[in-house]
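What follows is one structure encoded as structure tokens, with my remarks underneath.
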2 protein chains.
Amino acid sequence: MSAEAATGEAWEDITPDAARRLVVAAVQAFAERGYHATTTRDIAGRAGMSPAALYIHYKTKEELLYQISRVGHQRSLDMLREARDGGGSAADRLAAAVRAFVRWHAEHHTTGRVVQYELGALAPDHYGEIVALRRQSEDAIRAIVAEGVAAGEFDVPEVPGTTLAVLSLCIDVARWFNPAGRRTPDEVGALYADLVLRMVRAEGGPVADRDRPEAGDGGLQAVQDLPDPPETADRRRSDQQ
Amino acid sequence: MSAEAATGEAWEDITPDAARRLVVAAVQAFAERGYHATTTRDIAGRAGMSPAALYIHYKTKEELLYQISRVGHQRSLDMLREARDGGGSAADRLAAAVRAFVRWHAEHHTTGRVVQYELGALAPDHYGEIVALRRQSEDAIRAIVAEGVAAGEFDVPEVPGTTLAVLSLCIDVARWFNPAGRRTPDEVGALYADLVLRMVRAEGGPVADRDRPEAGDGGLQAVQDLPDPPETADRRRSDQQ
DNA sequence: GTCTATACTTTGATAGAC
DNA sequence: GTCTATCAAAGTATAGAC
């Protein structure tokens with residue numbers, strides 16, 4: 001499978017053709033060099049256009065990133081919700097979620113890198129929208145974990161923290177996966193589903209009255225301790241550390 | 001603890017004072033905005049200097065990143081080797097490695113972000129040097145895992161893949177950790193050590209003749225499927241996907 | 001919709017006074 | 001060692017012809 005085919009697969013829906021070529025080119029460039037190191041000339045060049053032609057389809061470079069980020073996050077969310085709402089035990093559904101999420105991040109690791117690691121370059125309002133999608137993704141995984149604990153199927157030290165670890169493990173696949181390596185996306189998905197089930201599986205029988213999911217939104221906030229907000233011209237010093 | 005104190009802690013050794021201020025400023029700026037989005041004016045400004053003063057202490061912006069990356073990776077490696085060579089069972093040593101590595105990435109998440117996520121901006125020769133350090137870090141963890149398997153203490157689906165997952169889990173802490181969140185670095189370290197032990201722990205007794213570490217360097221290459229090489233002017237198209 | 005040409009800004013890095 | 005002033009290059013985005 002060629003580089004362009006693998007990247008392009010995720011963007012079949014986009015029309016017209018020139019716009020899709022720009023998105024595919026932007027994904028590849030952003031993944032390779034990062035958003036800020038990528039020039040509009042580079043994107044346009046990869047798409048076979050002059051630098052000016054980019055602006056017919058996208059108002060700014062950031063709008064390209066926003067499109068990529070939004071579609072990628074929505075796709076992730078759909079995938080996780082489908083696993084959450086699928087049939088079977090909590091273990092079945094958690095394994096399905098991890099398998100699908102990891103396989104996607106391996107298969108589309110180029111897109112995955114942009115989606116997961118270039119968030120900070122989004123404009124503040126776009127950033128906020130994406131963070132909302134990320135929270136919902138975490139909600140989906142946490143629901144499965146919490147249900148497994150409530151059913152006595154799982155035994156975890158802490159529901160929100162375990163959820164965070166599971167999500168984190170899956171996301172980082174986009175960073176390290178190398179298609180020239182020894183594992184296929186399917187194999188990584190299977191391995192990770194196995195490892196995650198080991199993390200949450202109850203060793204003995206059902207464990208009652210322990211680590212029940214908290215009522216209301218008590219745990220919802222902690223979810224995925226949020227990444228930094230994007231830079232702005234007037235706030236140069238961060239108070240986050 | 002102030003932002004500067006937390007970041008500065010890791011850089012006490014650097015002299016003269018102006019050089020250290022520049023490194024601390026660069027770490028903060030690179031972590032917030034990324035290497036490419038950070039200007040030398042910004043770094044110098046945070047360090048209380050004029051833009052030109054930066055070049056008395058560092059020849060280029062990249063040299064600053066290299067210094068940060070090298071020190072951070074060396075520190076990580078020392079930490080992991082110390083755990084590997086410490087006393088106790090394989091479980092004790094793996095828990096110690098994860099606890100220390102995770103705690104460091106949480107406490108110094110600002111530095112951690114630069115160390116783990118800005119690799120791609122290094123010059124090719126510097127990049128190669130850093131990759132060598134990363135391989136050695138992975139070697140240290142894999143050694144503990146392999147020893148646990150050999151002793152029948154651990155039962156894992158695959159030694160190199162499990163090692164990769166453990167390392168990946170720890171690294172990603174730098175991305176998501178938020179000091180304003182509910183967990184302290186110590187708590188995250190303890191949680192993650194627990195989760196990792198669940199991943200590798202044998203459920204029954206010793207499991208013999210299974211998943212023995214491969215002889216020689218058979219598994220060494222797979223280690224950490226390498227991140228992409230840094231960009232160069234003449235290689236615009238990547239063949240990695 | 002795409003091109004060539006270009007306006008305008010910001011960038012990394014240097015020169016030379018002190 | 002630090003400053004002010006500045007250069008050359010590269011950046012995003014636009015203008016106007018076709």
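We use all heavy atoms of the structure for the numbers below, so side chains are in, but hydrogens, waters and symmetry mates are not. Chain A is the first sequence line, chain B the second, and so forth, proteins listed ahead of strands; every chain is numbered from 1.
The CD atom of A:Glu63 sits 9.5 Å away from atom CZ of A:Arg70, with the distance rounded to the nearest 0.5 Å. Once rounded to the nearest 0.5 Å, the distance linking NE2 of B:His109 with CZ of B:Arg113 reads 4.5 Å. Atoms SG and NE2, on A:Cys170 and A:His105 in that order, are 8.0 Å from each other to the nearest 0.5 Å. Note that the CG atom of B:Leu167 and the CG atom of B:Leu80 stand 7.5 Å from one another [nearest 0.5 Å].
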Could you run down the sub-3.5 Å N/O contacts of the protein with nucleotides 16-18 of chain D?
none

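Across all non-hydrogen atoms, the minimal contact from B:Leu119 to B:Tyr127 is O-CD1, 3.6 Å.
A straight line from NZ of A:Lys61 to P of D:dT14 spans 15 Å, rounded to a whole angstrom. Atom NE2 in B:His36 sits roughly 11 Å away from atom P in C:dG12 (whole-Å rounding). C:dA13 atom P lies 15 Å from atom CG of B:Asp42, rounded to whole Å. Spacing between atom NZ of B:Lys59 and atom C1' of C:dG12 amounts to 15 Å, rounded to whole angstrom units. As a whole-Å value, the separation of B:Tyr58 OH from D:dT2 P is 12 Å. Taking atom CD1 of B:Ile56 as the reference point, atom P of D:dG1 lies 8 Å away to the nearest angstrom.
Dashed line: the shortest gap from a side-chain N or O of B:Tyr55 to OP1 or OP2 of C:dA13 is under 4.0 Å. Listed pair B:Thr40 / C:dG12 meets the phosphate criterion, a side-chain N or O lying under 4.0 Å from OP1 or OP2. Proximity of A:His57 to the phosphate of C:dT2: a side-chain N or O atom is located under 4.0 Å from OP1 or OP2.
The end-to-end axis angle of the helix from C:dG1-D:dC18 to C:dC18-D:dG1, rounded to 10 degrees and based on five pairs per end, is 0°.
A donor atom on one side chain and an acceptor atom on the other are found under 3.5 Å apart for A:Tyr117 and A:Asp172. Using a 3.5 Å distance cut-off with no hydrogens or angles, the side chains of B:Arg175 and A:Gln116 do not pair a donor with an acceptor. Side chains of B:Tyr35 and B:Glu62: a donor-acceptor N/O pair is absent below 3.5 angstrom, by distance only.
Open room surrounds CZ on A:Arg75; 12 or fewer heavy atoms of other groups in view lie less than 6.0 Å from it.
Of the listed nucleotides (C:dG12, D:dT2, D:dA13), D:dT2 has the atom at the smallest distance from the side chain of B:Ala18. Checking D:dT2, D:dT6, C:dC3 against every side-chain atom of B:Arg41, the shortest atom distance belongs to D:dT6.
Mapping B:Pro16 and A:Leu54 onto DNA chain D by nearest heavy atom places B:Pro16 closer to the 5' end of the strand.
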